[in-house]
Enquirer: 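Here it is: the structure, laid out below.
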Amino acid sequence: MTQSGEPVIRVTDLKKHYGDVRAVDGVSFEVARGEVFGMLGPNGAGKTTTIEVLEGLREPDSGNVDVLGLDVCKHPESIKQRIGVQLQSVSLYPRLTVAELLDLFGSFFSHRMPTKQLIDAVDLGERANARSMDLSGGQQQRLSIALALVNDPELVFLDEPTTGLDPQARRSLWDLVKGLQAKGKSVMLTTHYMEEATELCDRVAIMDHGRILEMGTVPELIGRRFKERAVFFDSTPKLPAERLGKLGGVTRAAQEDGQTVLYSNAVPDTIGGLLAMADELNAEPHNLGIRQATLEDVFLDLTGRALRD
């Protein structure tokens, strides 16, 4: 649940280019205090560059960027004392223990949380004296988040925090993010995962080719583009796309991960026409099902490709 007051992030017409590559090409958005705000997009969309500008790690070419009410270009050190940063990939001293790393990172800040409290917060109590090189992937991700929280930040940046984790470790980290919000923290995260964005984020910005294509709550994003339900089945050349698109009730057809998806505003008509067509062509539509439109459908509709592409 978002809170009122001054936004913790305000970005206006942010641009960052590398030669001819427009990594960030005129991005504007705000993040409210107490909000979990997600930035969703494929590799190369400009998510990480945007985050790095907000963190003071890169200078923008143009635009205005305020974090916690301060201009990020004019007050980077003041901002860094008040934010927490969990990077996409982090190199830790491999022979230092969990507790030693947290003590070290804590020494960099004027205000810090007790090491034991951090270890308990990310459920690493049994690994407090383990060297970082001996931690599992999920434990290393938890440690990286603990390091981001060492200064008790008002605003936490999480850059693809669950990439490469198994489902159990991913859900454990989701609980951690929810706990941060419950304590009044603001969180900005980037992710590849639709389910993660749907589960965690108050609002989502869908980004591709350096631009924000759509922004809003997940129900808003779906409602703006889809009034239909999705009829899906395993794709087969025996059921030609041009005929599928003309079935009763079908407003559009798409291919996604080996599936054909028919968006329909009259599902009985679509299913009836599909089965009649399948009988005529002797082609069974395997794994046939019906579902509501999802964030994945929104992304596919906006970009013409699945998020994982």
Side-chain angles (χ1 to χ4, degrees), residues 1 8 31 33-38 48 51-52 54-57 67-68 77-193 195-196 199-201:
M1 182 69 65
V8 292
V31 177
R33 187 170 298 278
E35 182 175 28
V36 177
F37 183 88
T48 295
I51 288 270
E52 288 176 344
L54 291 168
E55 294 164 347
L57 299 176
V67 174
L68 298 171
E77 294 308 316
S78 296
I79 291 170
K80 285 173 184 174
Q81 288 290 326
R82 298 170 60 192
I83 65 172
V85 177
Q86 179 264 331
L87 298 174
Q88 208 174 108
S89 58
V90 60
S91 297
L92 301 174
Y93 295 102
R95 296 188 178 279
L96 290 186
T97 68
V98 168
E100 288 168 343
L101 279 165
L102 288 167
D103 286 340
L104 174 64
F105 274 62
S107 70
F108 301 154
F109 295 95
S110 55
H111 173 68
R112 59 159 301 178
M113 288 179 65
T115 293
K116 185 180 185 307
Q117 188 175 335
L118 286 165
I119 289 172
D120 291 342
V122 297
D123 197 23
L124 283 176
E126 294 182 359
R127 305 294 282 160
N129 296 315
R131 295 184 299 185
S132 66
M133 63 188 286
D134 296 326
L135 300 178
S136 68
Q139 290 167 344
Q140 288 189 355
Q141 288 285 63
R142 285 182 155 272
L143 174 57
S144 71
I145 292 178
L147 293 169
L149 302 178
V150 74
N151 58 325
D152 194 19
E154 301 167 51
L155 169 63
V156 184
F157 292 95
L158 305 176
D159 196 5
E160 297 184 10
T162 65
T163 296
L165 298 188
D166 62 58
Q168 182 178 353
R170 179 172 296 137
R171 288 191 173 276
S172 184
L173 275 171
W174 291 357
D175 290 339
L176 184 58
V177 174
K178 291 175 184 177
L180 292 174
Q181 185 179 29
K183 293 175 183 174
K185 309 293 186 187
S186 308
V187 180
M188 181 170 178
L189 66 87
T190 68
T191 182
H192 278 291
Y193 301 114
E195 185 185 7
E196 185 159 281
E199 178 76 16
L200 294 179
C201 298

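None of the values given here were measured: they were computed from a predicted structure. Positions are given from 1, in the same order as the sequence printed here.
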Enquirer: Any sub-3.5 Å donor-acceptor pair from Ser144's side-chain atoms to Gln141's backbone N or O?
Expert: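 Yes, the answer is positive, given that a donor and an acceptor are paired below the 3.5 Å cut-off.
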
Enquirer: So, the side chain of Arg127 versus the backbone of Ser136: is there a donor-acceptor pair under 3.5 Å, distance only?
Expert: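 No: the side chain of Arg127 does not pair with the backbone of Ser136.
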
Enquirer: Measuring from Leu54:CG to Ile83:CD1, what's the distance to the nearest 0.5 Å?
Expert: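 The CG atom of Leu54 sits 8.5 Å away from the CD1 atom of Ile83.
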
Enquirer: Are Val150 and Leu147 close enough that some pair of their side-chain heavy atoms sits under 4.5 Å apart?
Expert: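 In short, these two side chains do not touch, never coming nearer than 4.5 Å.
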
Enquirer: Indicate the atoms forming the closest heavy-atom contact of Met113 with Leu149, along with that distance.
Expert: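 Closest approach of Met113 to Leu149, heavy atoms only: SD-O, 3.4 Å.
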
Enquirer: Should we say atom CZ of Phe108 is surrounded by more than 12 heavy atoms from elsewhere, each under 6.0 Å from it?
Expert: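 Yes, CZ of Phe108 has more than 12 neighbouring heavy atoms, counting only those of other groups under 6.0 Å.
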
Enquirer: What distance separates Thr115 OG1 from Leu102 CG, expressed to the nearest 0.5 Å?
Expert: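 Nearest 0.5 Å value for the OG1-CG distance: 5.5 Å.
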
Enquirer: Is it true that a side-chain atom of Ser132 and a backbone atom of Tyr93 form a donor plus acceptor pair closer than 3.5 Å?
Expert: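 The answer is yes, because a donor-acceptor pair under 3.5 Å joins these two groups.
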
Enquirer: Would you compute the distance between atom CG of Asn129 and atom CG of Leu124 and round it to the nearest 0.5 angstrom?
Expert: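 The CG atom of Asn129 sits 11.5 Å away from the CG atom of Leu124.
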
Enquirer: Got a salt bridge between Lys185 and Asp152, using NZ or NE/NH1/NH2 to carboxylate O under 4.0 Å?
Expert: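 A salt bridge links Lys185 with Asp152.
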
Enquirer: Do Leu158 and Leu173 have side-chain heavy atoms sitting under 4.5 Å apart?
Expert: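 No. Closest side-chain heavy atoms not under 4.5 Å.
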
Enquirer: So does Arg33 pair up with Glu154, basic N to acidic O under 4.0 Å?
Expert: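 Salt bridge present between Arg33 and Glu154.
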
Enquirer: So, for Gly84 and Pro153, which heavy atoms are closest and what is the spacing to 0.1 Å?
Expert: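 Heavy atoms of Gly84 and Pro153 come nearest at N-CB, 3.2 Å.
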
Enquirer: Side chains of Leu189 and Val36: closer than 4.5 Å at any heavy-atom pair?
Expert: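 Touching, per the 4.5 Å side-chain cut-off.
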
Enquirer: Is there a donor-acceptor pair closer than 3.5 Å between any side-chain N or O of Asn151 and the backbone N or O of Ser110?
Expert: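 No; judged by distance alone, with no hydrogens or angles, the pair does not exist.
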
Enquirer: Shortest non-hydrogen contact from Ala128 to Ile119?
Expert: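 Heavy atoms of Ala128 and Ile119 come nearest at CB-CD1, 3.8 Å.
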
Enquirer: Grab the two heavy atoms, one from Leu118 and one from Ala146, that are nearest each other, plus how far apart they are.
Expert: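 Heavy-atom minimum between the residues: CD2-O, 3.7 Å.
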
Enquirer: Trp174 pairs by side-chain hydrogen bond (donor to acceptor under 3.5 Å, both in side chains) with which of Glu196, Glu195, Glu199?
Expert: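 Testing Trp174 for a side-chain hydrogen bond (donor to acceptor under 3.5 Å, both in side chains) against Glu196, Glu195, Glu199 leaves exactly one candidate, Glu196.
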
Enquirer: Using every non-hydrogen atom in the two residues, find where Leu176 and Ala121 come nearest and quote the distance to one decimal.
Expert: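 Smallest heavy-atom distance, with atoms named: CD1-O, 3.4 Å.
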
Enquirer: For the CG atom of Leu101 and the CG atom of Leu135, what is their distance to the nearest 0.5 Å?
Expert: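 Interatomic distance, Leu101 CG to Leu135 CG, rounded to 0.5 Å: 9.0 Å.
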
Enquirer: Does Lys116 have more than 12 heavy atoms from other residues, nucleotides or ligands lying within 6.0 Å of its NZ?
Expert: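 12 or below, so no.
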
Enquirer: Please report the interatomic distance CD(Glu160) to OG1(Thr191), rounded to the nearest 0.5 Å.
Expert: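 Separation between the atoms: 6.5 Å.
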
Enquirer: Please determine which of Lys80, Arg82, Gln81 meets the side chain to side chain contact (heavy atoms under 4.5 Å, CB included) test together with Phe109.
Expert: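 Considering Lys80, Arg82, Gln81, a side chain to side chain contact (heavy atoms under 4.5 Å, CB included) with Phe109 is found only for Gln81.
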
Enquirer: Is the side chain of Gln181 donor-acceptor paired with the backbone N or O of Gly34 at a distance under 3.5 Å, no angle test?
Expert: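 Yes; judged by distance alone, with no hydrogens or angles, the pair exists.
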
Enquirer: Looking at CG of Leu155 and CZ of Phe37, how far apart are the two atoms once the value is rounded to the nearest 0.5 Å?
Expert: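 Those atoms lie 12.0 Å apart.
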
Enquirer: Check for a donor-acceptor pair, side chain of Gln86 on one end and backbone N or O of Asp159 on the other, with a separation under 3.5 Å.
Expert: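 Yes; at least one donor-acceptor contact below 3.5 Å.
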
